[in-house]
Structures are given as C-alpha cells and as structure tokens.
Visitor: 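Handing you this structure, nothing more for now.
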2 protein chains.
Amino acid sequence: MPSDLPALLGDLITVNHRLARVAAHAADGRESPAVWRTLSVLRQLGPIRLGEVAARSRISQPTATKLVTHLVERGWAARLADPLDARVTSTVITPTGDAALSAWRSELAEALLPMFDGLADAELTTIRNAVDILRDRLDGSEVPAERVPVAASAASAASAASAASPAAGTPAGARA
Amino acid sequence: MPSDLPALLGDLITVNHRLARVAAHAADGRESPAVWRTLSVLRQLGPIRLGEVAARSRISQPTATKLVTHLVERGWAARLADPLDARVTSTVITPTGDAALSAWRSELAEALLPMFDGLADAELTTIRNAVDILRDRLDGSEVPAERVPVAASAASAASAASAASPAAGTPAGARA
DNA sequence: CACTGTACATAGCTAGGCTATCTATGTCCA
DNA sequence: TGGACATAGATAGCCTAGCTATGTACAGTG
C-alpha cells in the first residue's frame, strides 16, 4: 500500500534518466559514462573475462570489446591471457585506471555538491539506503550466467533476488 | 555522519548508470529513452517552447530540435505557432503521445517487476522517498529561467521534500 | 532604419549501442 | 583420433543521441 509499484518504477526510471543527464554535464567531458561504468566493473570484480564485463554492464559483447580496447589504449586497463583457455582474455584495472576512476568520482561529487547541499541527514540516509537497495537488486538479478543450468537460471535468479531483500546496510566494501 | 557525501554521490551515479542499462533492455526497444524522457517533459509542462525542452532535459537546443521533430513525425507531439513571437514554436504532447507514454510506463513496470518483487514495504517507501527527494533537487536546481520568482523556488522545493518524506502516497499529479 | 540579441534550424562530427558474422579454441563422443 | 558442435572473443557495418559551430529569421531598441 505504500504506493502502486508500477507508478513507482516509472518515476524511478524517469528520475534516473534526468539524473543521468545532469551527471553527464557534471564532470569530465573528456571521457564518457560508459568508460567509468566499465572501470567500476573492473575495479569491483578484479580480473574478469570480457563476457562477464558485458553481462555485468548489461551491454553486448562487442560493445564490451570496444570499451575494454579503449581502456587498454588509455592505459587504464590491461589484458591477461588465461593459461587454461586460450580463447579467454581477462581484463584488470591498472593503478592508473584506478586513480582515474577515483579522480572522476571526486570531480563528480564536487560538481554535484551544490545540487545536494543542504539536504538533511535524514534525506541523505534515505538516498544512501535507496542506493544500497537498488544495488542489491541489480546485483541479485544479475544473470548468474556462468555455467548455470540453463532453464533454472531465470527462475532461480528471481527467487534468489527476493531472498536477498532485507539487507540494507551493505558491507561498505561493495562500492565501485 | 550518515556517510561522506562524495562517496554517496559517486555510488548514486554509478548505480544510476547501471539502472539505466537495465531499463534500456527492459521495455520497447523500438523507441529510445530520450524519446520517453522528452515526452515526459511535454506531458509535465504542457505547451512548451523548444529552448525550455532543452533546458529541462539538460540537452542542447539542436538535440531538442531533433527529438521534437521525431516526436512530431511519430504523431506523438504537435507544434503550435506563437501568436506573439514568430520565432517561437511551442510543442504539445498529443493524446496518442500521452497514451504511448503511459503504455511505455506500464510495459517498463511489468518488465522490471521481477527485479523488484518481494521488496518490503519499508524498502519501497525508501525508494519512493529517495525518488521524490531527487526529483525535487533536479527541479530545484533547474535553471529557473522562466519568469519564476527566482530565489523562492529552490528553497521551497527543498523544504517541501523534507516535509514529504514520511508520506508515501505522492499527490499523484506530480508524475510524468 | 540599421544593430544587436534571441529562437530555432541545419550541417557535420563523435561515440555508445546494437546485430550479424568470423575465427580460434575447447569439448565430447563415435 | 577425428569430426561435430559449443563457446570466447574480434570484426564489420549500422543507427542514433549527443555535441559544437553556424545559419536564418524575427524582435526589440537606439
């Protein structure tokens, strides 16, 4: 009864899009959101294969190839051959990339500060909690992908996601 | 102490980007987020000049021209000449466009439901409140531009948000 | 009536995203 | 062992949202 879910989701996505536009203007026009998003994935998940990058980022594999290639050229990521499977190349974030990502986050935060300045602690907490909840759902509903018995994946993913719901205070390490 | 603001903003934007990707897959690949975002602006603000569309959507004027042109071709918006200023064309959403937007919201909600299913009421309320807070900041920090008694808008919007926080059932007119 | 400013349109570019397809490698089974 | 199928990633080619720079028409003002 807190509200009808469909309307909430519609509003959520709409606000999300608007916020994305603001963020686009906020920091460092030299690099794009996709770059930072990809770097975040790399930082968060360590050496990771291309397909996983794509799945996590919710982009297609060719797009992931492009982005990772760009990151490597930029010196922000490096590729590692897999000793067990010659088809695979894993990607890691480099120290430079890590620093760049941090710098971007700072710059972004500074740029957005005026917009969020003066929020009450309670409001900040609300946003913090909402972010954590959403992140959990995003992670939870992730295609578990890896060698999961095909048919089961959709259903089990959904129920697994439901089970994970009450956690609000994420363990702080989860950021990226 | 609820958290350091910079980190919160970084997380917020990161989650925002991830959610945007999910939404991109969720509904109606035939039309793009930009189209729905623009339609939302039109629905929300009625007949509105092109420059205002651009400012509200945080896009450049040429991009707004493109999007509106597309909407008009699609039959989802119509242009109105301004009797007082021949340079100006205002744009309105058509009934068809309104219906299309509603349909999209429904479709989107249905597609996202599995991901948000099983959330506790408290969690839904948290998200609802966060959405409201963010929308207020987005509106408030908007270039007030149009003959608005400049100073008042930001402050009043902010306090309204704080006051509204425990309330779950938004006034229903606010959506777009 | 010329001059500056404003509202929108046009041109041309970049980059993220996609599908379709190819190559190379792995795996499995007769 | 060798061939058939599966999987990881790369390549090609396209579309579209976004941008800047610039053009055009009208408004307003000395």
Side-chain angles (χ1 to χ4, degrees), chain A residues 17-18 20-39 41 47-74 77 79-91 143 145-150, chain B residues 17-18 20-26 28-39 41 47-74 77 79-91 143 145-147:
Chain A
H17 283 152
R18 293 179 60 192
R21 290 269 68 222
V22 172
H25 287 301
D28 195 350
R30 286 152 297 182
E31 291 296 337
S32 68
V35 164
W36 305 120
R37 187 194 59 218
T38 310
L39 266 187
V41 169
I48 181 182
R49 18 169 93 196
L50 230 171
E52 264 290 286
V53 172
R56 287 284 178 165
S57 307
R58 313 265 186 172
I59 59 182
S60 67
Q61 171 262 309
T63 300
T65 297
K66 256 195 218 172
L67 287 168
V68 166
T69 300
H70 180 179
L71 289 179
V72 170
E73 284 167 356
R74 209 87 171 59
R79 308 187 101 133
L80 312 172
D82 186 323
L84 300 177
D85 187 337
R87 293 168 303 175
V88 172
T89 46
S90 291
T91 308
V143 206
E146 293 315 272
R147 58 213 66 166
V148 173
V150 192
Chain B
H17 283 151
R18 293 179 60 192
R21 290 271 66 222
V22 171
H25 287 303
D28 196 350
R30 285 152 298 181
E31 292 296 338
S32 68
V35 165
W36 305 121
R37 187 194 58 218
T38 309
L39 267 186
V41 169
I48 181 181
R49 20 170 90 196
L50 231 171
E52 263 291 284
V53 171
R56 287 284 177 167
S57 307
R58 313 264 185 171
I59 59 182
S60 67
Q61 171 261 310
T63 300
T65 298
K66 255 195 218 170
L67 286 168
V68 166
T69 300
H70 180 170
L71 288 179
V72 170
E73 284 168 355
R74 210 88 172 60
R79 309 187 100 135
L80 311 171
D82 186 322
L84 300 177
D85 187 335
R87 294 169 301 174
V88 172
T89 47
S90 291
T91 309
V143 205
E146 291 315 273
R147 57 211 68 167

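Order of the sequence lines sets the chain letters (A, B, ...), proteins ahead of strands, with each chain counted from 1.
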Visitor: Heavy-atom nearest nucleotide on DNA chain C for B/Arg87 versus A/Ser32: which residue maps closer to 5'?
Guide: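 In this pair, the answer is B/Arg87.
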Visitor: Using whole Å, report how far CG of B/Leu50 lies from P of C/dT6.
Guide: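 Distance, rounded to whole Å: 17 Å.
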Visitor: Rounded to whole angstroms, how far apart are NZ on A/Lys66 and C1' on D/dG9?
Guide: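 Going from A/Lys66 (NZ) to D/dG9 (C1'), I get 15 Å.
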Visitor: In whole Å, what is the span from the CG atom of B/Leu84 to the P atom of C/dA7?
Guide: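 One finds 14 Å between P of C/dA7 and CG of B/Leu84, rounded.
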Visitor: When the distance from CG of B/Asp85 to C1' of D/dA25 is rounded to whole Å, what number comes out?
Guide: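 Roughly 11 Å, once rounded to whole Å.
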Visitor: Between B/Ser60 and D/dG18, is there a side-chain N or O to OP1/OP2 distance below 4.0 Å?
Guide: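 No.
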Visitor: Side chains of A/Arg18 and A/Val22, heavy atoms from C-beta outward: is any pair under 4.5 Å?
Guide: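 Not touching, per the 4.5 Å side-chain cut-off.
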Visitor: Does some side-chain heavy atom of B/Ser57 sit less than 4.5 Å from a side-chain heavy atom of A/Arg21?
Guide: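 Sidechains of B/Ser57 and A/Arg21: no contact.
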Visitor: Output yes when a side-chain donor or acceptor of B/His17 lies under 3.5 Å from a complementary backbone atom of A/Pro33, and no otherwise.
Guide: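 Side chain of B/His17 to backbone of A/Pro33: no pair is present.
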Visitor: With a 4.5 Å limit on heavy-atom distance, are the side chains of B/Arg49 and B/Arg87 in contact?
Guide: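 B/Arg49 vs B/Arg87: side chains apart.
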Visitor: Can you tell me if the side-chain N/O atoms of B/Arg58 get under 4.0 Å from OP1 or OP2 in D/dA17?
Guide: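 It does not, given that no N or O in the side chain of B/Arg58 lies less than 4.0 Å from OP1 or OP2 of D/dA17.
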Visitor: So, does A/Arg79 get its side chain near the phosphate of D/dA8, meaning an N or O under 4.0 Å from OP1 or OP2?
Guide: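 No, because none of the side-chain N or O atoms of A/Arg79 sits under 4.0 Å from OP1 or OP2 of D/dA8.
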Visitor: Pick base, sugar-phosphate or nothing for B/Thr89, based on heavy-atom distances below 4.0 Å to the nucleic acid.
Guide: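 Sugar-phosphate contact only.
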Visitor: Send over the distance from B/Leu67 CG to C/dC8 P, rounded to a whole Å.
Guide: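 Distance check: B/Leu67 CG to C/dC8 P gives 15 Å.
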Visitor: Once you round it to whole Å, what is the distance between C1' of C/dT6 and CG of B/Asp82?
Guide: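 About 13 Å, once rounded to whole Å.
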Visitor: Using OP1 and OP2 only, check whether a side-chain N or O of B/His25 sits under 4.0 Å from C/dG17.
Guide: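 Negative; the distance criterion is not met.
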Visitor: Between A/Ser90 and A/Arg21, name the one whose nearest nucleotide on DNA chain D is closer to the 5' end.
Guide: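 Closest to the 5' end, via its nearest nucleotide, is A/Ser90.
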Visitor: Any N or O donor-acceptor pair under 3.5 Å from the base of D/dA8 to the side chain of A/Gln61?
Guide: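 Check fails, no donor-acceptor contact within cut-off.
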Visitor: Taking for each residue the nucleotide of DNA chain C with the nearest heavy atom, is it B/Pro62 or A/Ala86 whose nucleotide lies nearer the 5' end?
Guide: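 The residue closer to the strand's 5' end, by nearest nucleotide, is B/Pro62.
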Visitor: For C/dA9, take OP1 and OP2 only and decide whether either is under 4.0 Å from a side-chain N or O of B/Thr65.
Guide: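 Checking B/Thr65 against C/dA9: at least one side-chain N or O falls below 4.0 Å of OP1 or OP2.
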Visitor: So, for B/Leu80 and B/Pro47, which heavy atoms are closest and what is the spacing to 0.1 Å?
Guide: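 Looks like CD1-CB, 4.2 Å.
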Visitor: Please state how far atom NE2 in B/His17 lies from atom C1' in C/dG17, giving the value in whole angstrom units.
Guide: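 Going from B/His17 (NE2) to C/dG17 (C1'), I get 15 Å.
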Visitor: To the nearest angstrom, how far is B/Ile59 atom CD1 from C/dC8 atom P?
Guide: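 Spelled out: CD1 on B/Ile59 to P on C/dC8 is 13 Å.
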